[in-house]
2 protein chains.
Amino acid sequence: MAANPQESLTSAQQELYDWLADYIGTHRHSPSIRQMMQAMGLRSPAPVQSRLRHLQQKGWITWQEGQARTLQLLGDVAASVGIPVLGAVAAGGLVDTFDDVQDHLDLAPVLETRGLFALTVNGDSMVDAHIADGDVVLMEPVTDPQRLRDGTVVSALVAGSGTTLKHFHRQGPTVVLEAANPSYSPIELPADQVQVQGKLVAVWRQV
Amino acid sequence: MAANPQESLTSAQQELYDWLADYIGTHRHSPSIRQMMQAMGLRSPAPVQSRLRHLQQKGWITWQEGQARTLQLLGDVAASVGIPVLGAVAAGGLVDTFDDVQDHLDLAPVLETRGLFALTVNGDSMVDAHIADGDVVLMEPVTDPQRLRDGTVVSALVAGSGTTLKHFHRQGPTVVLEAANPSYSPIELPADQVQVQGKLVAVWRQV
DNA sequence: CATTGAACAATACATTTGTACCCCCTGCCA
DNA sequence: TGGCAGGGGGTACAAATGTATTGTTCAATG
């Protein structure tokens with residue numbers, strides 16, 4: 001990956017981040033703050049806390065506060081799974097030849113998102129959204145359905161019925177689940193009978 | 001889960017190990033004993049301690065005692081990037097609720113294939129194959145176009161023109177590149193003017 | 001000069017976490 | 001019948017760990 005989306009670091013922050021990348025790469029688990037303290041040659045946990053806070057604010061790391069050793073690196077150094085994107089390919093017309101790498105498709109950030117789950121698609125109600133029967137959809141758990149953008153593709157549990165993959169709309173007290181296929185009519189239900197489980201993150205179709 | 005060289009496990013031990021593999025694959029860090037306790041539906045940490053002790057004695061796991069969340073799996077499952085596939089989701093009808101993991105979407109084998117590359121799709125000539133404008137297609141390099149199955153989706157370099165994504169057909173000495181959209185007519189060319197670069201492995205659409 | 005932010009020290013505190021006991025029950029087997 | 005191992009419940013405790021607070025120092029900045 002070319003440039004980092006993250007903000008630049010001070011030397012002290014960089015030092016900690018590099019050591020973390022090395023430690024996690026070797027041990028396969030995060031060190032504790034006091035271990036970081038020792039490795040940095042410090043005699044107090046406060047500087048480490050400070051550096052970690054800055055690293056998090058700048059988008060380099062994340063962790064579950066209150067829990068031990070749950071730190072995760074977000075940068076591209078974190079053994080990311082990169083696939084070179086060579087260029088655009090066509091449809092209809094023809095696109096120029098490509099020789100060099102233009103970008104990197106970095107799946108690691110997606111895969112590292114906590115709680116991500118997958119569903120196999122069954123049926124054709126979403127074909128107009130280019131989600132076909134047999135596809136696997138990657139979903140991110142939704143905790144607050146109120147914040148969903150209108151039209152988001154979600155998997156929803158309908159009380160007493162089952163789970164379905166649809167476009168999500170909210171109309172006052174009711175919820176509308178709309179298919180992407182004219183053969184299916186929208187389902188309109190009271191909000192309390194629909195439990196949104198996750199929103200669509202990616203479509204995966206292995207040939 | 002794949003066979004392991006280690007000693008066999010009791011069902012309770014296997015249950016814990018499987019859950020650990022799933023958890024670590026998803027969260028990228030070890031759970032605490034009390035988290036395992038909850039996941040196993042237990043109300044006391046002692047049974048978990050017991051299972052862990054047995055798993056260690058039989059060579060399935062290892063950890064640094066006295067330190068939090070340092071558990072590591074020793075089986076071959078350890079390194080895989082797994083996303084739990086929770087079940088099928090609907091279309092049209094509604095599918096039953098899902099509770100437990102049915103399978104694992106293991107992306108590691110795909111990503112590790114040497115030489116895999118990606119292309120961003122430009123245009124709508126493949127919409128009927130559910131490949132939309134803006135999608136990223138993962139391609140596997142093709143060394144021997146003679147062995148391609150008829151109808152495979154390939155990216156092909158047309159002499160003097162550019163690269164395109166189409167269904168691949170061979171008709172004697174000529175090659176036919178067929179779009180998946182009735183608005184586009186098939187392109188028929190002498191075989192030596194078409195160079196197949198890769199075949200479609202997966203479609204990736206990040207929302 | 002004063003202000004600000006990063007870095008560091010020292011200490012204290014609450015929570016998380018591993019671990020060690022105690023007990024019970026069940027199935028298996030000599 | 002008894003012994004034994006695995007599985008489970010309950011509880012307690014000490015260590016590990018994250019977090020907060022109060023200072024000090026230093027460099028950069030206006």
Side-chain angles (χ1 to χ4, degrees), chain A residues 4 6-21 23-24 26-75 114-115, chain B residues 4 6-24 26-74:
Chain A
N4 269 313
Q6 296 93 348
E7 299 175 42
S8 64
L9 300 179
T10 68
S11 60
Q13 291 161 7
Q14 187 71 53
E15 181 195 8
L16 176 58
Y17 184 85
D18 289 343
W19 183 81
L20 284 174
Y23 185 97
I24 295 179
T26 308
H27 295 74
R28 318 272 293 166
H29 63 250
S30 160
S32 69
I33 287 186
R34 280 166 183 82
Q35 283 177 307
M36 302 179 207
M37 185 186 84
Q38 283 196 11
M40 296 293 104
L42 304 173
R43 288 185 295 177
S44 154
V48 176
Q49 291 176 255
S50 170
R51 295 189 195 182
L52 288 178
R53 200 178 317 120
H54 293 135
L55 283 173
Q56 187 194 29
Q57 285 171 355
K58 293 178 180 175
W60 289 75
I61 62 172
T62 185
W63 79 89
Q64 295 176 248
E65 303 194 13
Q67 288 189 299
R69 296 165 175 270
T70 55
L71 184 142
Q72 283 178 262
L73 303 186
L74 296 177
R114 211 170 19 257
Chain B
N4 274 296
Q6 295 92 347
E7 297 176 43
S8 65
L9 301 178
T10 68
S11 61
Q13 292 159 9
Q14 186 72 53
E15 181 194 10
L16 176 58
Y17 184 86
D18 288 344
W19 183 82
L20 285 174
D22 178 43
Y23 185 97
I24 295 179
T26 308
H27 295 72
R28 317 280 292 170
H29 64 249
S30 162
S32 69
I33 287 186
R34 280 168 184 81
Q35 283 177 306
M36 303 178 208
M37 186 186 83
Q38 284 197 7
M40 296 295 103
L42 302 174
R43 290 184 292 177
S44 156
V48 177
Q49 291 175 258
S50 169
R51 295 189 195 182
L52 287 178
R53 202 178 315 121
H54 292 135
L55 283 172
Q56 188 194 29
Q57 285 170 358
K58 293 179 181 177
W60 290 72
I61 62 173
T62 185
W63 79 89
Q64 296 175 247
E65 302 194 15
Q67 289 189 299
R69 297 165 174 268
T70 55
L71 185 142
Q72 282 179 263
L73 303 185
L74 294 178

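A, B, ... follow the sequence lines: proteins, then strands. Residue 1 opens every chain.
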Problem - Under 4.0 angstrom between A:Arg69 side-chain N/O and D:dT17 OP1 or OP2 - result: yes

Problem - Contact under 4.0 Å: A:Gln64 side-chain N or O vs D:dG18 OP1/OP2 - result: no

Problem - Side-chain heavy-atom pair B:Leu52, B:Met36 within 4.5 angstrom cut-off - result: yes

Separation of [N] [atom2] from [X] [atom1] (nearest whole Å):
X	N	atom1	atom2	result
B:Leu42	D:dG6	CG	C1'	13 Å
A:Gln67	D:dT17	CD	P	14 Å
A:Arg51	C:dA6	CZ	P	13 Å
A:Met40	C:dA6	CE	C1'	16 Å
A:His29	C:dT17	NE2	P	14 Å
A:Glu65	C:dA14	CD	C1'	15 Å

Exercise for the section: Under 4.0 Å between any heavy atoms, over every strand shown, what does B:Arg34 touch: base, sugar-phosphate, or nothing? Just pick one. Expected result: base

Exercise for the section: Would you indicate what A:Ala46 reaches in the nucleic acid, counting non-hydrogen atoms under 4.0 angstrom: base, sugar-phosphate, or nothing? Expected result: base

Handout entry: Any donor-acceptor N/O pair, B:Arg51 side chain to B:Gln13 backbone, under 3.5 Å
Key = no

Handout entry: Main-chain N/O of A:Ser32 paired to A:Gln35 side chain as donor or acceptor, under 3.5 Å
Key = yes

Exercise for the section: Measure from the side chain of B:Arg43, starting at C-beta and using heavy atoms only, and say which of D:dG10, C:dA10, C:dC8 lies closest. Expected result: D:dG10

Problem - Along DNA chain C (nearest heavy atom to each residue), the more 5'-positioned of A:Thr10 and B:Gln49 - result: A:Thr10

